[in-house]
Peer 1: 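Starting off with a structure, shown below.
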Amino acid sequence: MLRRWLETPAVARWWSDPDKQYALLEQDLGDPRMVMRIVSFRERPFAYAQDYDIYSWGDADHFDGLPEGTRAIDVFIGEPDMIGRGHGSRFIRILAERLRQEGAPLVAIDPDVTNVRARRAYEKAGFKLESFVETAEGPAALMLFERGAWGATKE
């Protein structure tokens with residue numbers, strides 16, 4: 001299922017080479033630093049989400065300066081008919097809130113600067129643009145989710 005999702009045009013556009021990405025997902029499967037999830041709606045799997053401590057891997061300089069314990073998330077919707085229906089912003093908000101409740105001081109996401117659809121979905125989910133950064137994959141929009149989004153009180 002993940003391989004099929006990675007091969008869809010909407011996912012491959014942003015996640016690049018499906019074979020390479022699938023191999024990376026397989027490699028991370030047994031790594032305790034990475035939490036991997038299949039997201040379902042009404043018992044139908046439609047998306048993938050992963051989260052990790054931003055300081056678990058030493059190659060994410062664009063996260064430098066964020067508090068210890070910050071979680072980064074990467075997501076995609078694999079079922080084309082589920083795109084553009086509000087499901088993405090909903091499940092991303094739920095995931096970010098869960099990570100905050102579990103103790104993460106911040107939740108970060110870093111979409112490609114040209115991925116306007118994703119950036120709008122993340123804004124709807126409660127993420128705010130922090131800055132534009134350079135990543136190993138190219139320019140990205142660093143977006144942060146803090147407690148206080150969606151009506152919760154700030155700490």
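Values below: all heavy atoms of this structure, side chains included; hydrogens, waters and symmetry mates excluded. Everything numeric in this text was worked out from a predicted model, so none of it was measured.
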Peer 1: What pairs with T8 under side chain to side chain contact (heavy atoms under 4.5 Å, CB included), at least two apart in sequence or on another chain?
Peer 2: V11, P80

Peer 1: For A108, which residues count as a side chain to side chain contact (heavy atoms under 4.5 Å, CB included) partner, sequence neighbours excluded?
Peer 2: F63, L66, T70, L142, L144

Peer 1: Keeping the roles fixed (side chain from R119, backbone from V113), state whether a donor-acceptor pair exists under 3.5 Å.
Peer 2: yes

Peer 1: Output all residues satisfying side chain to side chain donor-acceptor pair (under 3.5 Å) with Y22, sequence neighbours left out; order by chain, then residue number.
Peer 2: none

Peer 1: Taking all heavy atoms of Y55 and all of P67, pick out the closest pair and write down the distance.
Peer 2: CE1-O, 4.0 Å

Peer 1: Determine whether the side chains of Q50 and Y48 contain a donor N or O and an acceptor N or O closer than 3.5 Å.
Peer 2: yes

Peer 1: Would you say the rings of F76 and W15 are close, in the sense that their centroids are separated by under 6.0 Å?
Peer 2: yes

Peer 1: Not counting sequence neighbours, list each pair that qualifies as a salt bridge (charged side-chain N to carboxylate O under 4.0 Å, His left out) and has a residue in residues 29-43.
Peer 2: D31-R33, R37-D51

Peer 1: Over all heavy atoms of both residues, which pair between F46 and S40 is shortest? Give the atoms and the distance, please.
Peer 2: CE2-C, 3.7 Å

Peer 1: Compare every heavy atom of P105 with every heavy atom of E68, then report the nearest pair and how far apart it is.
Peer 2: O-CG, 3.3 Å

Peer 1: Following the transitive rule for hydrophobic clusters with a side-chain heavy-atom cut-off under 4.5 Å over Ile, Leu, Val, Met, Phe, Trp and Tyr, establish whether Y52 and I109 coincide in one cluster.
Peer 2: no

Peer 1: Determine, stepwise, if the pair L6 / L25 fulfils side-chain contact (heavy atoms from CB on, under 4.5 Å).
Peer 2: CA-CA 11 Å; L6 287 164; L25 291 176; 3.9 Å; yes

Peer 1: If you take all heavy atoms of V107 and A96, which pair is closest and at what distance?
Peer 2: CG2-O, 3.9 Å

Peer 1: Look up atom CD in E7 and atom CD in Q21, then write down how far apart they are to the nearest 0.5 Å.
Peer 2: 12.5 Å

Peer 1: Any pair with a residue in residues 23-42 that passes ring pair (Phe, Tyr, Trp, His ring centres under 6.0 Å), sequence neighbours left out, goes on the list, sorted by first then second residue, please.
Peer 2: F41-H87

Peer 1: For a quick test of reading the model, state the closest non-hydrogen atom pair linking M36 to L29 and the distance between them.
Peer 2: SD-CA, 3.6 Å

Peer 1: Please test V75 against V39 for side-chain contact (heavy atoms from CB on, under 4.5 Å), starting from the C-alpha separation and ending with a verdict.
Peer 2: CA-CA 10 Å; V75 299; V39 182; over 6 Å; no

Peer 1: What residues, two or more places apart in sequence or in another chain, satisfy side chain to side chain contact (heavy atoms under 4.5 Å, CB included) together with N115?
Peer 2: W14, D112, R117, A118

Peer 1: Count I, L, V, M, F, W, Y as connected when their side-chain heavy atoms are under 4.5 Å apart, and connections chain through other members. Are L24 and I73 then in the same cluster?
Peer 2: no

Peer 1: Heavy atoms, side chains only, cut-off 4.5 Å: are R93 and K124 in contact?
Peer 2: no

Peer 1: Using only atom types and a distance under 3.5 Å, with no angle test, would you say the side chain of S131 pairs donor to acceptor with the backbone of V133?
Peer 2: no

Peer 1: Answer whether the closest heavy-atom distance between the side chains of D110 and D74 falls below 4.5 Å.
Peer 2: yes

Peer 1: Hey, does I92 have a side-chain heavy atom less than 4.5 Å from the side chain of F127?
Peer 2: yes

Peer 1: Any heavy-atom pair between the side chains of P18 and R3 that's under 4.5 Å?
Peer 2: no

Peer 1: Can you tell me if CZ on R4 sees more than 12 non-hydrogen neighbours from other groups inside 6.0 Å?
Peer 2: yes

Peer 1: Do NZ/NE/NH1/NH2 and the carboxylate oxygens of R44 and E79 come within less than 4.0 Å?
Peer 2: yes

Peer 1: At what distance, to the nearest 0.5 angstrom, does CZ of R71 lie from CG of L95?
Peer 2: 9.5 Å

Peer 1: Which value, rounded to the nearest 0.5 Å, describes the distance between M143 atom CE and E130 atom CD?
Peer 2: 11.0 Å

Peer 1: Kindly indicate, with the supporting measurements, whether the criterion side-chain contact (heavy atoms from CB on, under 4.5 Å) is fulfilled by I54 and D64.
Peer 2: CA-CA 9 Å; I54 60 169; D64 284 351; over 6 Å; no

Peer 1: Taking side chain as C-beta onward, heavy atoms only, is I38 less than 4.5 Å from L2?
Peer 2: yes

Peer 1: Run the numbers on I77 and F91 for side-chain contact (heavy atoms from CB on, under 4.5 Å), then give the verdict.
Peer 2: CA-CA 10 Å; I77 294 178; F91 89 76; 4.2 Å; yes

Peer 1: What's the separation between atom CH2 in W57 and atom CG in D28, rounded to the nearest 0.5 Å?
Peer 2: 5.5 Å

